[in-house]
Each structure stands twice: as C-alpha cells, then as structure tokens.
Protein chains: 2
Amino acid sequence: MTIASPHGRTQPRLDDGSPVRVLVVDAESSLADLLSLALRYEGWEVRAAVGGAEALRRAREFRPDAVVLDMALPDMDALTLLGLLRQERPGVPVLFLTGRDTAEDRVAGLTAGGDDHVAKPFGLEDAVARLRGLLRRSRAAAPRAESVLTVGDLVLDEDSREVSRGGTEIHLTATEFELLRFLMRNPRRVLSKPQILDRVWSYDFGGRANVVELYISYLRRKIDAGRPPMIHTRRGAGYLIKPPAQAV
Amino acid sequence: MTIASPHGRTQPRLDDGSPVRVLVVDAESSLADLLSLALRYEGWEVRAAVGGAEALRRAREFRPDAVVLDMALPDMDALTLLGLLRQERPGVPVLFLTGRDTAEDRVAGLTAGGDDHVAKPFGLEDAVARLRGLLRRSRAAAPRAESVLTVGDLVLDEDSREVSRGGTEIHLTATEFELLRFLMRNPRRVLSKPQILDRVWSYDFGGRANVVELYISYLRRKIDAGRPPMIHTRRGAGYLIKPPAQAV
DNA sequence: CGGCACTCTGTGAATCGTCTGAGAATCGGA
DNA sequence: TCCGATTCTCAGACGATTCACAGAGTGCCG
C-alpha cells in the first residue's frame, strides 16, 4: 500500500500501514546527515548512526526495514557489521555505499541477491531511487508498488531504465535519465536549479548551475522535439514538467 | 503450483499453498546467513542452524521441505546428522555443501538418491538454482513446476543446461550459463555489474568488475551474433536482457 | 522602448565507460 | 601427465558523455 503524503508524493508504507524505517550507517556524519535528510523528505522514518557500534545499538531498538551501509567504517569491518545486522534483522535489504578508491569493484562479499550498491560520490536521486527499488522488491514493502512513472504520454520505467513518449523509444544518457526522473517524480511542481543540482548531481559536484540549463536543453530536444512541450521554464524560479494542454 | 511474487518472480509454493521451508545447516554462521538471505529473497521460508545439534532441534519444530547441509560440521558427522534428519523427515531432498578438499567419491554416493551438492566456494545463482531443482523434482513440490526460462526466442533449460535461440542449440560454458540464467530470471531489469558479481560469481571472488563485461561480450557473440540483439548495455547502469523489438 | 538579467544552445576538449584481443594461469578429462 | 577448454588479467581503442565557455536569444521592469 502507498498513501499520499502531505506534499503530494506517495509515501512508502508497510503492509500494516506503518512508515518504512531506514537505518543509515556511515563513516562521516555529514554524509549520513545528507542522506537522512533526503530520505526523511521522501517520507521515510530515518535513524543515522556513525560507526558500527552505534549502528548495532540503533538497529536493536529501531528495527529498520532497510539499511544504508558505508563499506568503510571507522570502528568495524563492514561485513562483520553486516552479519550482525542480519542476525538482528534477517532479510533486510541493504544498500551499500562504496568508496571511489576502495577497491571499487571488490564488492563481492557476503551480499546476496536483494542488495544493491552505490559508488561514492553519488547523486541523491540515484541513491534514493535505488533504496526505493530495494524496498519495492523486498516483501516488507507494498507488493504492488510500481516501477513506472507516467506524465501525459511520457513513460519512464525505473527497472529497465527505458523512456518513451507516445510509444516511441527515447534514448537518454545517465544524467538525462536522473534529471527526467526527478522532474517526473515531482510533476506540476517548480523545481529550482539549486534544488535540481543538489538532488541529481553528486554532492561533491563543483560545477556551475549552467549544467542544469544545458541538460534541460538536451531533454527538451529528445522529449519535446516537435511535440507539445511538457518541460516548462518558470523564469527566475526553475523548471517543471506537466502533461500538455487539455490533458490535465 | 507457482504464483507471482511481489517483485515479478515466481515464488515457490507447495501444493497446499504454503511457502516452501528450507533448513540451512552450516559450520560458519556467516555462510549460513548468506545463503539464508538469498533463499529468503527467492521467497522461501528459511531457518538457519549452526551445527548438528541445533539442526535437529530446528528440523523437529520447523519441518523443512528441503535441507542445505554443510559436510563439515563442528559437532557432528554430517552423515550421522543426515540419518537422523531423514528419520525425522523421510524423503526430504538435501543439498550438500562440500569443502574444496572433500573426496569426490564420498559425495557421489550421497547424491545418488536424488540429492545434489555444490562445492565451496559457490556462486549464489548456482546454489539457489540447484535447490530449486531439487525441490522441483521432489514430490513435495509441484509436479508441473517448470525448469525452462524463455525470453523471446531464447530458451534456457535449467535441468538439462541446454540453451537455444530460434531452435538452434548454443553451447555455453559454466560461467556463461550462470550469467545468462541470472539475466533471464530478471528480464527487462537493469542489473548492475556489482549485482551480477555478487550473484553469479563465488562469494570469495576477488576480481574486478571487468570480468562481467568480458562474459557479456562472450554471451553476445554466442547469442546475439548476427541476430536482433537481446542483451543491452545501459551505460553507467548495467545490463539487461529483453526480447527484440516488437516481440513482447 | 531600453537595458539588464536570465536562459538557451553551439562548439570543443577532457574524461569516462565499455568492448575486445592477447595471453597467462588453471582446471579437468583422457 | 598431457592437451584442450575455460577462466581471468591487462591494456589499448573507441565512442559516448559530461561539462565549460561564450555568444545569441528572450522576457521583464522601469
């Protein structure tokens, strides 16, 4: 089951109606805070823990439905912690954060089918989407949760990463995809450039806000080309996506 | 009978509709946990036991439909335990886990009766598939259970390990087969390289994600060669398999 | 109607991700 | 033990993607 949250998104719920609980375990508290904030905004209940010892303590009392776990913890081997967490909460899906230099690929370990990985530095939209995907597939979450976003005749499938408008396939690059997903998850709502930058680009992106304009331009070429436009500029405010004209 | 599970896979069920129960008996709890998790993700009900004494206790109260049994237990000879388990639950299929040094002939006798075994270190995809196979063949499970995966005109038989496209037989190596099976069990879903590594390669594989690219390349040569491609790259995200174009 | 701020988009360079050939190491069967 | 099959590493090539920069375009305000 999913219900509408105050701000018009859909809020994740368990079968029994309680909100989904997520435990964020990180090495740096700044990253944990950043993620926690984003997840809380999604309507999830969040606890953050810095280091393994605190994580275990929190897991016991908080009983999370999912865990975000940094592979590089200060006080404990992440895989050890994973084992202990799994003992505490068997079956919880885990989203692993892997450092850029930390043997990027050497992720294989005691992780099983249901888990996922995100490499640092990541974009919040990407990380949050992956966590949504994890919960969607785990039986703890709503069984009928959809992986398809639709606005007008524009369709985006998060699982296959395919986008089409009016039945025509559209190829998008990774960044274009994330941007469009963010827009489509917030239809008819103006999103400011800083907001978009924070959400779609990695937290350590140092570039100018002009990239957003650039990528909006790319998207328009691919999505609106010769059709009633769905991506609109609100001068001085930001961008929004909505179905064209009559189709309300 | 198999019914659709939340995430679009098929979930194993007994004739009476109750989920399949599996008892995992291992020497190390970390391995037991890993396997349990993977099996739970497949939709099975799982209990883990470390050592023979605990295994017997659990078997009595849990009444498993299948058992995963490590040959090297700390407190009891595995064969003794096997006898006791069989007394408790006659006819229950058993998947043996054997260490790399276990004598080949010792296993041969055991698996004669319809049981199976995997050698450590194993890939999860392989181990889980073997357990599925055992249950499929045991009378406890549904008689009509299918062992054939189909995507478009591509057909993979899990029992005979035969693969064909458009009726033409295709020879695959063991690793190629596991990779293709994983893709075909998740059609139209993008699978990331770390996800594939976790699932297809052994848990102690220390290599780089480049092997995935390599084996995708092998598979394409054998499966897509000169035909409408079914294996697709999602740059920066992963790979997915789907039927070509119109054939939905 | 002028001017300013904001937005759009072409160009091009640097970087990144993926593919693939070559060959070493290992496995397994005769 | 030998030989072919298989697995895996390494490195080069190539195309795709990302992004900065700059000039053109556009709307808004006085």
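All figures in this text were calculated on a predicted structure; none of them were measured in a lab. Sequence lines set the chain letters: A, B, ... in the order given, protein chains first and strands last, and positions in each chain run from 1.
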Enquirer: Expressed as a whole number of angstroms, how long is the span from L179(B):CG to dC8(D):C1'?
Expert: 15 Å
Enquirer: Mind checking if I216(B) touches a base, just sugar-phosphate, or nothing, with heavy atoms under 4.0 Å?
Expert: nothing
Enquirer: Measure the distance from CZ on F177(A) to C1' on dG17(C) and round it to the nearest whole Å.
Expert: 18 Å
Enquirer: Both S217(B) and R221(A) contact DNA chain C. Taking the nearest nucleotide for each, which residue is further toward the 5' end?
Expert: R221(A)
Enquirer: Establish, with yes or no, whether the OP1 or OP2 oxygen of dT6(D) is under 4.0 angstrom from a side-chain nitrogen or oxygen of H171(B).
Expert: yes
Enquirer: Expressed as a whole number of angstroms, how long is the span from K222(B):NZ to dA5(D):P?
Expert: 11 Å
Enquirer: Tell me if the centroids of the rings in F122(A) and W201(A) come within less than 6.0 Å of each other.
Expert: no
Enquirer: Treating E178(A) as the side-chain partner and T175(A) as the backbone partner, does any N or O pair qualify as donor plus acceptor under 3.5 Å?
Expert: no
Enquirer: Given dC8(C), is OP1 or OP2 found less than 4.0 Å from the side-chain N or O atoms of T233(A)?
Expert: yes
Enquirer: Take atom NE2 of H232(A) and atom P of dC6(C), then tell me their distance rounded to the nearest Å.
Expert: 22 Å
Enquirer: Could you tell me the separation between the CG atom of D224(B) and the P atom of dC19(C), rounded to a whole number of Å?
Expert: 12 Å
Enquirer: Does dG17(C) have its OP1 or OP2 closer than 4.0 Å to a side-chain nitrogen or oxygen of K193(B)?
Expert: no
Enquirer: For the pair made of CZ in F205(B) and P in dA25(C), what is the distance, rounded to whole Å?
Expert: 17 Å
Enquirer: How do R208(A) and W201(B) order along DNA chain D: which one's closest nucleotide is nearer the 5' end?
Expert: W201(B)
Enquirer: Check this for me: does any side-chain nitrogen of one of R189(B) and E158(A) sit under 4.0 Å from a carboxylate oxygen of the other?
Expert: no
Enquirer: How long is the line joining CD of E178(B) and C1' of dT7(D), in whole Å?
Expert: 14 Å
Enquirer: Indicate whether OP1 or OP2 belonging to dC19(C) is found under 4.0 Å from a side-chain N or O atom of R220(B).
Expert: yes
Enquirer: State whether T173(A) places a side-chain N or O below 4.0 Å from either non-bridging phosphate oxygen (OP1 or OP2) of dT17(D).
Expert: no
Enquirer: Classify Y239(A) by what it touches in the nucleic acid, base, sugar-phosphate, or nothing, heavy-atom distance under 4.0 Å.
Expert: sugar-phosphate
Enquirer: With nearest nucleotides of DNA chain C determined for R235(B) and Y215(B) from heavy-atom distances, which residue corresponds to the more 5′ nucleotide?
Expert: R235(B)
Enquirer: Would you say the side chains of E213(A) and N210(A) form a donor-acceptor pair under 3.5 Å?
Expert: yes
Enquirer: Assign each of L172(A) and V211(A) to its nearest nucleotide of DNA chain D by heavy atoms, then name whichever residue's nucleotide is nearer the 5' end.
Expert: L172(A)
Enquirer: dC8(D) base to Y218(B) side chain: any donor-acceptor pair below 3.5 Å?
Expert: yes
Enquirer: What is the distance, to the nearest angstrom, from the CD atom on E213(A) to the P atom on dA22(D)?
Expert: 15 Å
Enquirer: Going by atom types only, do S217(A) and R221(A) share a side-chain donor-acceptor pair under 3.5 Å?
Expert: yes
Enquirer: Donor-acceptor pair under 3.5 Å: do we get one between N210(B)'s side chain and the base of dC8(D)?
Expert: no
Enquirer: Just checking, is any N or O donor in the side chain of R130(A) or S192(B) under 3.5 Å from an acceptor N or O on the other one?
Expert: no
